[in-house]
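Structure first, then comments.
We name chains A, B, ... by the order of the sequence lines, and we start the count at 1 in each one. Just so we're clear, the structure is a prediction, and the values are computed from it rather than from any experiment.
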2 protein chains.
Amino acid sequence: MPAMSIMSPSGELEPILNKTMADIVEARLREYIRTKNYKPGDALPTEMELAEGLGVSRNVVREALSRLRMLGIIETRKKRGMVITQPDILGSFEKVLDPIMIDEATMRDIFELRLVLEMGLPDLLFPRLTEAHVTELEKIAREEQATDNFRIQNEIAFHGKLYEITGNNTLKRFQSLLLPIFAYVITLEEKPTRGKISHSGLVELLKTGNKEAFRQGMLEHLRPHFDRLEHPTPGE
Amino acid sequence: MPAMSIMSPSGELEPILNKTMADIVEARLREYIRTKNYKPGDALPTEMELAEGLGVSRNVVREALSRLRMLGIIETRKKRGMVITQPDILGSFEKVLDPIMIDEATMRDIFELRLVLEMGLPDLLFPRLTEAHVTELEKIAREEQATDNFRIQNEIAFHGKLYEITGNNTLKRFQSLLLPIFAYVITLEEKPTRGKISHSGLVELLKTGNKEAFRQGMLEHLRPHFDRLEHPTPGE
DNA sequence: ACCTTCGTTATGTACTACATAACAACAAAA
DNA sequence: TTTTGTTGTTATGTAGTACATAACGAAGGT
């Protein structure tokens, strides 16, 4: 008899799909929650009911539920059963952001993301800037000159404060999650890479109230990083 | 006898820590992987060895491993055991990004994040822009005028192309993941909110090669959105 | 009304059992 | 000798049972 075809109709090798029951149940449960329009606080069926309904063992259901629980989609209390919760969208992000397991290409992508964020920041920053904020930034900038050797720590403090001023908590948390990546990429570089504009210079521009001038200052401040990525990443 | 204190020393309500064994094992495993400096491809001990080493049942270990597997931190094959893999950092993000379970404040944060990204985009865009890119953008902009009713779809196509041009795959994927949020926030608004600068106008500015002019054009294009958030989110 | 007690219930954990896929090692055939 | 087929072993995948534990609710006593 003829050999069974292992090729897809297109001639490509089909990727072996090793879907386990837990994977399927996880997807089914997520779809179930979405289509039933569950809202935070609503109660889910019991594990046994789900297991029977899906025709799998309670073990499998628990593995799937364990995942949803980790993502913060559900919460479980003994006896009370399970209820839908509002997931912390950055909580799961945090879990996979260990620099040791991210390939270098992705890390460079993330570093570029940082540059984009900081160049776009002024448009959120200026409408929400107060005198108090400026004072805080000045303080941080002054400390920069004092403790010259701990530049990275100061860098983090200053730029972190900028995100904080936007009042956008998600943005601020996002930035602090990405910090390890930023720091790691910086260590990959050879020279100290100090821009022409210092933090003090940025604060001065901030005080003038000229948004575009500040943005140009930020560009100069980040110039060493920008210079390093002018090419469209040709080789891989 | 005096009532047991349910307050922490600081006077704040202590969060009840309902850590389950699976939570602990998950943390331990992640720490184990990090401290042992596991690299992608390295093999982990078997489930039984982990269970015995941690002093818990295989069931608990499996729940924890199931989570890591979902995050893409490990992969398991029968008999071969488990190996470390490079997680897709946005894969887990995708799972919790269902608009139905995100509170409105976070969605506004994300929408602001979008505005920041688009305003910072030019600094990645211009160094990597080619003639072909401009042609593609022109085509999309032309279709805008043809199918005037499907503005949202066209909006997605045009701005998505801008991200694509940066060559930053992580950034592009990130944006497409956030699209449902953008779309949802837009539906919350009353008026059609059309900026003064159209997509065609943006392409024209792009062709001039003047980065700052393009950025100002983008600001005008997004003006209706910016106008809506000038206040530092006072209430709540 | 308040407190206590106790039964019920659903999750949390442990253990056993077996199916299944994948590898390894050896045996048979060309 | 290289290739192919067989078989046994091993670790994961799934099912099922059992029991602990916490939380709720109802009943009963003060």
Side-chain angles (χ1 to χ4, degrees), chain A residues 1-4 6 13-29 32-33 38 41-85, chain B residues 1-4 6 13-29 32-33 38 41-85:
Chain A
M1 74 182 184
M4 295 264 292
I6 62 165
L13 272 162
E14 286 189 2
I16 42 179
L17 46 98
N18 211 356
K19 289 249 197 187
T20 148
M21 283 292 173
D23 294 328
I24 299 171
V25 170
E26 180 209 332
R28 288 285 301 273
L29 285 179
Y32 176 75
I33 291 171
Y38 272 102
D42 292 351
L44 264 70
T46 71
E47 293 179 352
M48 274 312 293
E49 287 169 339
L50 291 174
E52 287 176 21
L54 293 164
V56 295
S57 82
R58 187 174 159 229
N59 239 334
V60 171
V61 173
R62 277 189 63 82
E63 280 194 27
L65 289 172
S66 178
R67 299 176 178 185
L68 300 187
R69 202 173 320 137
M70 179 196 56
L71 294 177
I73 293 176
I74 63 173
E75 252 177 34
T76 71
R77 299 263 167 91
K78 294 195 179 181
K79 159 84 178 180
R80 270 199 61 175
M82 296 166 291
V83 295
I84 304 289
T85 56
Chain B
M1 75 184 183
M4 293 266 292
I6 62 167
L13 272 163
E14 285 190 3
I16 41 180
L17 46 98
N18 211 357
K19 290 247 196 189
T20 147
M21 282 293 171
D23 294 329
I24 298 171
V25 170
E26 180 208 335
R28 288 284 302 271
L29 285 179
Y32 176 76
I33 292 171
Y38 272 103
D42 292 351
L44 265 71
T46 70
E47 294 179 350
M48 276 310 294
E49 288 169 338
L50 291 174
E52 287 176 21
L54 293 165
V56 295
S57 80
R58 188 174 157 228
N59 234 332
V60 170
V61 173
R62 278 189 63 82
E63 280 194 26
L65 289 172
S66 178
R67 299 175 179 186
L68 299 186
R69 201 172 324 139
M70 180 195 55
L71 294 177
I73 293 176
I74 63 173
E75 253 177 33
T76 73
R77 299 265 164 89
K78 294 195 179 182
K79 159 85 179 180
R80 270 199 59 175
M82 296 166 291
V83 295
I84 305 287
T85 55

Please give, in whole Å, the distance from C/dG12 C1' to B/Ile24 CD1? 12 Å
Between C/dG12 (P) and A/Arg80 (CZ): distance, integer Å: 14 Å
Could you pull out the closest heavy-atom pair between A/Leu29 and A/Ala64, with the gap in Å? CD1-CB, 4.1 Å
When you check every protein heavy atom under 4.0 Å of nucleotides 5-10 of chain D, what one-letter string (B, S, -) results, 5' to 3'? ----BB
Taking B/Thr76 for the side chain and B/Gly81 for the main chain, is one N or O donor matched with an acceptor at less than 3.5 Å? no
Do B/Met70 and A/Leu71 make a side-chain contact, defined as non-hydrogen atoms from C-beta onward lying under 4.5 Å apart? yes
Check the pair A/Arg69, A/Met82 against side-chain contact (heavy atoms from CB on, under 4.5 Å), reporting the backbone distance first and the verdict last. CA-CA 9 Å; A/Arg69 202 173 320 137; A/Met82 296 166 291; 5.6 Å; no
Whole angstroms only, please: what is the CG-P distance between B/Leu54 and C/dA14? 11 Å
Can you tell me how far P of C/dT11 sits from CG of A/Leu68, to the nearest Å? 13 Å
Could I get the full list of side-chain contact (heavy atoms from CB on, under 4.5 Å) partners for A/Met21, not counting sequence neighbours? A/Val56, A/Val60
Partners meeting side-chain hydrogen bond (donor to acceptor under 3.5 Å, both in side chains) with A/Arg80 (sequence neighbours left out): none
Rounded interatomic separation in angstrom, taking CD from B/Glu49 and C1' from D/dA11: 10 Å
With axes from five pairs an end, tell me the bend angle of the helix from C/dA1-D/dT30 to C/dA30-D/dT1, nearest 10°. 10°
Closest approach of B/Pro45 and B/Tyr38, non-hydrogen atoms and distance? CD-OH, 4.1 Å
Would you mind building the protein contact string for nucleotides 13-21 of chain D? One character per nucleotide, 5' to 3', B for base within reach (heavy atoms under 4.0 Å), S for sugar-phosphate only, - for untouched. BBBB-B--B
Closest non-hydrogen atom pair between B/Glu63 and B/Ala22, with its separation: OE1-CB, 3.8 Å
Those residues at least two apart in sequence (or on a different chain) that pass side-chain contact (heavy atoms from CB on, under 4.5 Å) with A/Glu52 are A/Met48
Without decimals, in angstroms, what is the distance between A/Met48 CE and C/dG12 P? 15 Å
Worked verdict on A/Glu75 versus A/Arg77 for side-chain contact (heavy atoms from CB on, under 4.5 Å): CA-CA 7 Å; A/Glu75 252 177 34; A/Arg77 299 263 167 91; 3.7 Å; yes
Dump the intermediate steps for side-chain contact (heavy atoms from CB on, under 4.5 Å) on A/Asp23 and A/Arg67, then the final yes or no. CA-CA 10 Å; A/Asp23 294 328; A/Arg67 299 176 178 185; 2.8 Å; yes
